[in-house]
Undergrad: 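Dropping a structure here in structure tokens format, bear with me for questions.
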Amino acid sequence: MEKNIQAIRGMHDVLPSQTRHWQYLEACVREVLGRYGYQEVRMPIVEFTELFKRSIGEVTDIVEKEMYTFEDRNGDRLTLRPEGTAGCVRAVLEHGLLHNQTQRLWYQGPMFRHERPQKGRYRQFQQIGVETFGMAGPDIDAELIFITARLWKALGIDGLELQLNSLGTAEERAAYRQELVAYFGCHHDALDEDSRRRLHSNPLRILDTKNPDMAELVAGAPVLADLLGEGSRRHFEQLQTLLKAAGVRFVFNPRLVRGLDYYSLTVFEWVTDRLGAQGTVCAGGRYDSLVAQLGGRSTPAVGFAMGVERLIALLEADGRLPETARADIYLVQRGEAARREALVLAERVRDALPQLRVLAHCGNGAFKAQFKRADHSGARIALVLGEDELARGEIGIKHLRNKLPQEAVAVDCLVGRLAEIFDKS
RNA sequence: GUGGGUAUAGCUCAGUCGGUAGAGCCCCGGAUUGUGAUUCCGGUCGUCGUGGGUUCGAGUCCCAUUACCCACCCCA
């Protein structure tokens, strides 16, 4: 038997009842970022596989088993982007946007990771990313965090916790990594299966284990903060001072590690406990070595990304989202001549009153049913054009949301009368 | 990749011990001619996820499979 075609696992349609929510969120983001002077960039969804391998890191889960990679018709290895930073860096390098200048950029779009879907985690998911280039100080780190805090406020999201950590420079982190591997290597027998694997892939992750049997071992592990050099330490302290000065609350989380290889110094996450296991709603950090790593002149950079589905889930849980837009006017008609006239009339109303949403009934349908639809559309008034009205050169205005009696106005006066009605609200 | 749960109408869900498939919502029609949301009456809608098996008989029991959900892993 033939199977119905359905959406790819982990990839979802956004239906009309939800698009309104997305648009609201996007408008909010656009507005806030605009106020900080950030500019939107749009990159391709597909890049050379090599780009992601070189930026995200060969031994990360993303590169090893989560990428949608395929061969192009001419034999190129291509990958559906699993995150946005790599492509953004590639784009600014390719177009010389880092030549003697700083950049504050943002983008939005789908990312793809072949993971097992669950709440808040999908194979195609939407991210809004923000990246800045050419600024090395903690002030730009703080600015990014201010942006996020302002965004939560604008959206009405509260209850998020900001977690903060410093990973040090690439050298410091490498040194720390070695110490960790040495330490856990000595206690190899005490490691659980996951941690043994992490020992090679991402030893910093071991610190974040959820296994209580490992708690003691982890507690005795060397601490990254002890290995930070003077520069890293000052950067981190200054950032904290800036956050405090601006009244942005945060929690120092020494176990906060990012999964991608390119991070250094500042890393942060906004988390919630209301979304199940996928509690990170926004995360980012500094990646001062990535630009050089991808062939550019060494350029400091810092950025973050938000998971749009997760933010929407939060907003929906709080009932913070606007209703789907309703119609303002529904035009019902009856009779052949009226049907033709109705469409023309609707056009005229749209010409004169562009802010109104005008639905004209199309096709057949009992008069009664048309009113039913008018009601259902949410329209405040129904315009009635039947044989009688047509003969008299009039149009009926029926108020659907209050007790006002139905009016009849000359067709020429309709626009003026409608303007009056909708002006009052 | 690993584990657990679920699958019945467009939606939300009942369905007893194995005995002919149900409700609410939605949609459509009607309640004196051309007027909605309330009320009343009537109506449409199902490969009971899919494929096998047990049985006189399976939505129900068994096996397999697929999809979805949740968690692990990982991450936004």
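Note on naming: letters A, B, ... go to the chains in the order of the sequence lines (proteins, then strands), and numbering restarts at 1 for each one.
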Undergrad: Regarding A/Q406, tell me which of base, sugar-phosphate or nothing describes its non-hydrogen contacts under 4.0 Å with the strands shown.
TA: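 Here A/Q406 touches the bases of the nucleic acid.
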Undergrad: When the P atoms of B/G4 and B/A64 are compared, how many Å lie between them, rounded to an integer?
TA: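 Comparing P positions in B/A64 and B/G4 gives a spacing of 12 Å.
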Undergrad: Under 4.0 Å between any heavy atoms, over every strand shown, what does A/E389 touch: base, sugar-phosphate, or nothing? Just pick one.
TA: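 A/E389: base contact, heavy atoms under 4.0 Å.
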Undergrad: Remember a base hit wins even if backbone is also touched, and classify A/G276 as base, sugar-phosphate or nothing at under 4.0 Å, heavy atoms.
TA: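 If one applies the 4.0 Å heavy-atom cut-off, A/G276 turns out to touch the sugar-phosphate alone, with no base involved.
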Undergrad: Nearest 0.5 Å please: distance from the CD1 atom of A/I381 over to the CD atom of A/Q406.
TA: 10.5 Å
Undergrad: How far, in whole Å, is B/G59 from B/C48 if one measures between their C1' atoms?
TA: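 So the two C1' atoms sit 5 Å from each other.
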Undergrad: Of the nucleotides B/U35, B/C74, B/C69, which one has an atom closest to the side chain of A/F367?
TA: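 The nucleotide sitting nearest to the side chain is B/U35.
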Undergrad: Among B/A76, B/C28, B/C69, find the nucleotide with the atom closest to the side chain of A/H12.
TA: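 Closest nucleotide among those given: B/C69.
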Undergrad: Check every strand shown and say whether A/N202 touches a base, only sugar-phosphate, or nothing at a heavy-atom separation below 4.0 Å.
TA: nothing
Undergrad: Measuring from the side chain of A/A366 (C-beta onward, heavy atoms only), which nucleotide among B/A76, B/G29, B/G36 has the closest atom?
TA: B/G29
Undergrad: What is the separation between atom CD1 on A/I381 and atom P on B/A37, rounded to the nearest whole Å?
TA: 19 Å
Undergrad: Cation-pi between A/R104 and A/Y36: NZ/CZ under 6.0 Å from ring centre and within 45° of the ring axis?
TA: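 No, a cation-pi geometry is absent between A/R104 and A/Y36.
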Undergrad: Does any nucleotide pair with B/U35 by Watson-Crick or G-U wobble geometry, both distances under 3.5 Å, and what is it?
TA: none
Undergrad: What class does the angle between the rings of A/Y68 and A/F112 fall in, given that below 30° is parallel, 30 to 60° is tilted and above 60° is perpendicular?
TA: perpendicular
Undergrad: So, OP1 or OP2 of B/C68: does either fall under 4.0 Å of a side-chain N or O from A/R9?
TA: yes
Undergrad: Could you state the NE2-C1' distance from A/H376 to B/C26, rounded to the nearest angstrom?
TA: 8 Å
Undergrad: Please classify the nucleic acid contact of A/H114 as base, sugar-phosphate, or nothing, using heavy-atom distances under 4.0 Å.
TA: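 Nothing, no heavy atom under 4.0 Å.
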Undergrad: On the nucleotide B/U35, are OP1 or OP2 found under 4.0 Å from the side-chain N or O atoms that A/R334 carries?
TA: no
Undergrad: When you compare the side chain of A/W106 with that of A/F304, does any pair of heavy atoms fall below 4.5 Å?
TA: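 With C-beta onward as the side chain, the pair stays apart.
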Undergrad: Taking atom P in both B/C25 and B/U38, what distance in whole Å separates the two?
TA: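 The answer is 10 Å between these two P atoms.
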Undergrad: Name the nucleic acid region contacted by A/R373, choosing base, sugar-phosphate or nothing; use a 4.0 angstrom heavy-atom cut-off, strictly under.
TA: sugar-phosphate
Undergrad: For A/G279 and A/K372, find the nucleotide of RNA chain B closest to each by heavy atoms; which residue's nucleotide sits nearer the 5' end?
TA: A/K372
Undergrad: Given the C1' atoms of B/A37 and B/C26, what is the spacing between them in whole Å?
TA: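 Result for the C1' pair: 15 Å, nearest Å.
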Undergrad: Is B/U65 paired to anything, Watson-Crick or G-U wobble with both distances less than 3.5 Å, and if yes, which nucleotide?
TA: B/G49
Undergrad: For B/U2, does either OP1 or OP2 sit under 4.0 Å from a side-chain N or O belonging to A/R197?
TA: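 No.
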Undergrad: Would you indicate which nucleotide in B/C74, B/G36, B/C72 comes nearest to any side-chain atom of A/A277?
TA: B/C72
Undergrad: Compute whether any side-chain donor of one residue and acceptor of the other, for A/H12 and A/E309, lie under 3.5 angstrom apart.
TA: no
Undergrad: Touch check for A/Q126, heavy atoms < 4.0 angstrom, all strands: base, sugar-phosphate only, or nothing?
TA: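 No contact.
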Undergrad: Decide whether A/T266 and A/S166 meet the rule of one side-chain donor and one side-chain acceptor closer than 3.5 Å.
TA: no
Undergrad: May I ask you to check whether A/Q127 and A/E83 show a side-chain donor-acceptor distance below 3.5 Å?
TA: no
Undergrad: In whole Å, what separates the P atom of B/G46 from that of B/G34?
TA: 33 Å
Undergrad: Among A/D61, A/I62, A/L51, which one satisfies side chain to side chain contact (heavy atoms under 4.5 Å, CB included) with A/I56?
TA: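 The side chain to side chain contact (heavy atoms under 4.5 Å, CB included) with A/I56 is passed solely by A/I62 among A/D61, A/I62, A/L51.
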Undergrad: So, under a plain 3.5 Å distance rule, would you say the side chain of A/R205 forms a donor-acceptor pair with the base of B/C73?
TA: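 Result: no qualifying N/O pair found.
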Undergrad: Can you tell me, in whole Å, how much space there is between the P of B/C11 and that of B/G18?
TA: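 Comparing P positions in B/C11 and B/G18 gives a spacing of 29 Å.
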Undergrad: Counting just side-chain N and O atoms, does A/Q118 come under 4.0 Å of either OP1 or OP2 of B/C70?
TA: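 Answer no for this pair, as no side-chain N or O of A/Q118 is under 4.0 Å from OP1 or OP2.
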Undergrad: Who does B/G24 pair with, Watson-Crick or G-U, both distances under 3.5 Å?
TA: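 Per the H-bond distance test, B/C11.
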Undergrad: Counting only side-chain heavy atoms from C-beta out, which of B/A76, B/C70, B/G36 sits nearest to A/R310?
TA: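 Given the options B/A76, B/C70, B/G36, the side chain of A/R310 is closest to B/A76.
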Undergrad: Report which part of the nucleic acid A/A382 touches: base, sugar-phosphate, or nothing (heavy-atom distance under 4.0 Å, all strands).
TA: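 Nothing: the residue A/A382, judged by heavy atoms under 4.0 Å, touches no strand.
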Undergrad: Give the rounded distance in Å between these two atoms: CG of A/L383 and C1' of B/U35.
TA: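 Interatomic distance, CG of A/L383 to C1' of B/U35: 13 Å.
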Undergrad: Rounded to whole Å, please give me the gap between NE2 in A/H399 and P in B/A37.
TA: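 Value for this atom pair: 19 Å.
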Undergrad: Can you tell me how far P of B/G34 sits from CG of A/L390, to the nearest Å?
TA: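 Roughly 17 Å, once rounded to whole Å.
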Undergrad: Name the pairing partner of B/C73, where a pair is Watson-Crick or G-U wobble with both distances under 3.5 Å, or state none.
TA: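 Result: none.
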Undergrad: More 5' along RNA chain B: A/E269 or A/G10, using each one's nearest nucleotide?
TA: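 Looking at the nearest nucleotide for each, A/G10 comes out on the 5' side.
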Undergrad: Within the structure shown, what part of the strands sits under 4.0 Å from A/E66 by heavy-atom distance: base, sugar-phosphate, or nothing?
TA: sugar-phosphate
Undergrad: Classify the nucleic acid contact of A/G378 as base, sugar-phosphate or nothing, counting any heavy atom under 4.0 Å across all strands shown.
TA: nothing
Undergrad: Where the side chain of A/D328 meets the backbone of A/R357, is there a donor-acceptor pair that is under 3.5 Å apart?
TA: yes
Undergrad: Would you indicate what A/V384 reaches in the nucleic acid, counting non-hydrogen atoms under 4.0 angstrom: base, sugar-phosphate, or nothing?
TA: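 Base contact.
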Undergrad: Which listed nucleotide (B/U35, B/C28, B/G34) is nearest to the side chain of A/D388?
TA: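 Per side-chain heavy atoms of A/D388, the pick is B/G34.
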Undergrad: Under 4.0 Å, counting only non-hydrogen atoms across every strand here, what does A/A374 touch: a base, just sugar-phosphate, or nothing?
TA: nothing
Undergrad: Just how far, in rounded Å, is C1' of B/G36 from CZ of A/R326?
TA: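 Value for this atom pair: 13 Å.
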Undergrad: Can you tell me how far apart CG (A/L227) and CD (A/E172) are? Round to the nearest 0.5 Å.
TA: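 If we round to the nearest 0.5 Å, A/L227:CG and A/E172:CD are 8.0 Å apart.
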Undergrad: B/C40 and B/A21: how far apart are their P atoms, nearest whole angstrom?
TA: 29 Å
Undergrad: For A/W22 and B/A76, what is the distance between atoms CH2 and C1' respectively, to the nearest whole Å?
TA: 11 Å
Undergrad: Suppose we define a pair by two distances each less than 3.5 Å, Watson-Crick or G-U wobble; what does B/G59 pair with here?
TA: none
Undergrad: Can you tell me if A/K368 touches the phosphate of B/G36, counting only side-chain N or O atoms and a distance under 4.0 Å to OP1 or OP2?
TA: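 Answer is yes, contact under 4.0 Å.
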Undergrad: For the pair made of CZ in A/R116 and P in B/C74, what is the distance, rounded to whole Å?
TA: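 Interatomic distance, CZ of A/R116 to P of B/C74: 16 Å.
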Undergrad: Quote, to the nearest angstrom, the P distance that separates B/C74 from B/A58.
TA: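 Each nucleotide's P atom is 48 Å from the other's.
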